Amino acid sequence: MWLLLTQIFPYAIAFTIPLLITSLGGLFSERSGVVNIGLEGLMVVGMFASAVTISTLQPILPEGAIWIGLLSAMVFGALFSLLHAFASINLNADQVISGTAINMIAGALTVFIARTMTGSGNIRITSGFSRMSIPVLHKIPIIGKLFFTQTYISTWLVLLILLLSWLVIYKTAFGLRLRSCGEHPHAADAAGVNVYFIRYMSVMISGAFAGLGGAVLLVTIAGEFSGSVAGLGFLSLAALIFGQWKPLGILGATFFFGFSATLANVSQAVPALAVIPGIILKIFPYVVTLIALVIFSKSSQAPRAVGEPFEHGKR
Amino acid sequence: MKIKINKQIYIGLISVLLGLIAGAILMAFTGNNPFLGYSYLFRGGLMNIERIGNTLATATPLIFTGLSVAFAFKTGLFNIGASGQMLVGGLFATAVALTFNIPRVVLLPTMIIAAMLGGGLWAFIPGLLKARFNVHEVVSTIMMNWIAYWTIYYSVPAFFKGEFLETESRSISSAASLKAEWLTDLFNGSFINYGLFLAVVAVVIIAVILNKTVLGYELKAAGYNRFGAEYAGMKVNRNIILSMVIAGALSGLGGATYYVGYASNIQIGVLPTMGFDGIAAALLGGLNPYGVMAASIFFGIFHSGKGFMNAMTSIPPEIGDTIIATIIYFAATSILIERAINVVRKKVKGEN
């Protein structure tokens, strides 16, 4: 059992990280009052941008290409999210429809461009990040084996971003303003907060983070862009709700999803797990989310004004 | 009222035009001639009787998912789960088709009812969760989509494995298909099937329910103002569930017209895009059943023409999906178009 756990853990963590960063992006957007179901599409955009950047730069710059790729994913994710920001903040459009449009445009447009570039529509990168064990720390009993062995550098980057995000949201003036825009935008407005500015920033952060999520997926697990992230963006959205719109909550939720997804993937190879039908393991995260929604329905921590357009003059 | 309808049509047409322009820009950017591209796209969808048949056959499931989204929307519900409901409807219809060996006149109605049950069941859960626990239907229908995806992924190979491939079900017999020989011959061997007639009937029924019945009035009232409807003594919770179930049954029917009409087996690992294109059709059609049908046929041209365009030019077929997606974005931001129309109207008035 212990051996199995040490074998599964690196994969579970690798699978958790793209979900975590994307979900964290969703947290920024939704805490400021803008629903973002376009996370799936924004991940696709990030994955595409990083795949193009890395595959172009890798022959010239083998060392830095991946990092530049991650950066370009964040930039393009943020730029693409402006479409959603403009529709939902300036035009008071239905945020769910706008998010759906983002998902559809991202999925179709990236494959369209990829096809004109490569013909097949797939973009391969020569190599992604390689796994490494953290010196000294991986020798700690138990946790060393689970958390510090066979890790990706991107994992630590994302965890650092998580920590910084927690600080920003709960310990800075910007974070307080952001949360107030999601709870009661008119009160925030009356207190002199520029609701439009805060919401624009938050949506762009969500775009950048979801883009990074797509890029991390590319350089750690996928290794190839093929036009979709297979529902991981929606799973991140589920984790956001399951984690009740809190940074540590979504850390727990995404790890739970990452772990159960990894179990499902390896279940055929492990005799102890093969007895559980694959379907149960696969639908597990979604069913759990539905149950969680029911349980939390009475005491939901959802931002009060999420999904509501803000109009300056309206009281 | 008349003015409002006209405005809806204007907005729809302008969205389409903007979407087409965006597509043209994209074609030009990738070094293709947009006029040539569009001429092949539309010729691919319309140039002969067979291709017209294919366009209508492609539009059929879209009419259903579009109706499904539009119907739920009228009750204030956003059904983003049409894809999952389609899959389950298709699975139920396929299961009936592959299991029972009964005469065609009994088999086809049984399959259709099974598809409605499957889709309805899949939408009943989000409806119940919404009515009973106030769980937002957008999230729950997305979850149901993926539950459907994995249910099909495992149940098709387990129970209905294909002769050659693990990834699809066995083919249904021609007696179990919605395709009819006279119809196929009439359209020169196209994919057109009875689903189209079902779709037309569904459009009329939904239009009548929404506009002429007490039920439709109550559903729309719940959509306009849930609390107002409750105060007026309507059973809003029951109506929410009912609306979702009807929407799901429509998507389920769409699944039947696709998996046992257009195609003759069900594939695993694919969440049908018609569920999302249905949102586009519903919006572009102004949530009006007849509008939805027109929008779906228009999108049908794109889907059946893009292959021909891809064969004749170097434009990737994804241009069709890109244009449809852009049209949704413009429909979502229609307030911008509305403002522009108002500005133009004012200017025209000022000059008079």
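Below, all heavy atoms of this structure are taken into account, side chains as well, without hydrogens, waters or symmetry copies. As the structure is a prediction and not an experimental result, all values here were calculated from the model. Per chain, numbering begins at 1; letters A, B, ... match sequence-line order.
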Scan the chain A/chain B interface and emit each donor-acceptor pair under 3.5 angstrom with its distance.
{"from": "Leu83(A)", "atom 1": "O", "to": "Tyr329(B)", "atom 2": "OH", "distance (Å)": "2.4"}
{"from": "Arg115(A)", "atom 1": "NE", "to": "Glu318(B)", "atom 2": "OE1", "distance (Å)": "2.8"}
{"from": "Arg115(A)", "atom 1": "NE", "to": "Glu318(B)", "atom 2": "OE2", "distance (Å)": "3.3"}
{"from": "Arg115(A)", "atom 1": "NH2", "to": "Glu318(B)", "atom 2": "OE2", "distance (Å)": "3.0"}

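- Counting only heavy atoms from C-beta outward, the side chains of Leu293(A) and Leu129(B) never approach each other to under 4.5 Å.
- In this structure, the portions of Val287(A) lying under 4.5 Å from any heavy atom of chain B include both its backbone and its side chain.
- Nearest heavy atom pair, residue Ala101(A) against residue Ala325(B), reads CB-O, 4.3 Å.
- No more than 12 heavy atoms of other residues, nucleotides or ligands lie within 6.0 Å of OH in Tyr11(A), so this atom counts as exposed by the packing criterion.
- Chain A forms more heavy-atom pairs under 4.5 Å with one residue of Ile319(B), Ile327(B), Val138(B) than with any other, namely Ile319(B).
- Within the 4.5 angstrom heavy-atom criterion, only side-chain atoms of Ile279(B), from C-beta onward, approach chain A.
- Both the backbone and the side chain of Leu83(A) come within contact range of chain B, with heavy atoms under 4.5 Å apart.
- Annotation: maximal heavy-atom pairing with chain B below 4.5 Å, among Ile279(A), Ile283(A), Ile105(A), Ile102(A), occurs at Ile279(A).
- To the nearest 0.5 Å, atom CD1 of residue Ile328(B) and atom CE of residue Met104(A) are 4.0 Å apart.
- At a 4.5 Å heavy-atom cutoff, Leu235(A) makes no contact with chain B through either its backbone or its side chain.
- Of the two parts of Ala230(A), only the backbone, made up of N, CA, C and O, holds a non-hydrogen atom closer than 4.5 Å to a non-hydrogen atom of chain B.
- Put simply, of Val111(A), Leu237(A), Val294(A), the one with the most heavy-atom pairs under 4.5 Å next to chain B is Val294(A).
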Ile97(A) vs Phe73(B), side-chain contact (heavy atoms from CB on, under 4.5 Å): CA-CA, chis, key distance, verdict: CA-CA 11 Å; Ile97(A) 297 176; Phe73(B) 225 116; 3.8 Å; yes
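- With values rounded to the nearest 0.5 angstrom, Ile323(B) atom CD1 is found 8.5 Å from Phe112(A) atom CZ.
- Nearest approach of Ala93(A) to Ala332(B), heavy atoms of both residues: CB-O, 3.3 Å.
- Note that CG of Leu271(B) is 8.5 Å distant from CZ of Phe234(A), once rounded to the nearest 0.5 Å.
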Derivation and outcome, side-chain contact (heavy atoms from CB on, under 4.5 Å), residues Val139(B) and Ile37(A): CA-CA 9 Å; Val139(B) 182; Ile37(A) 70 162; over 6 Å; no
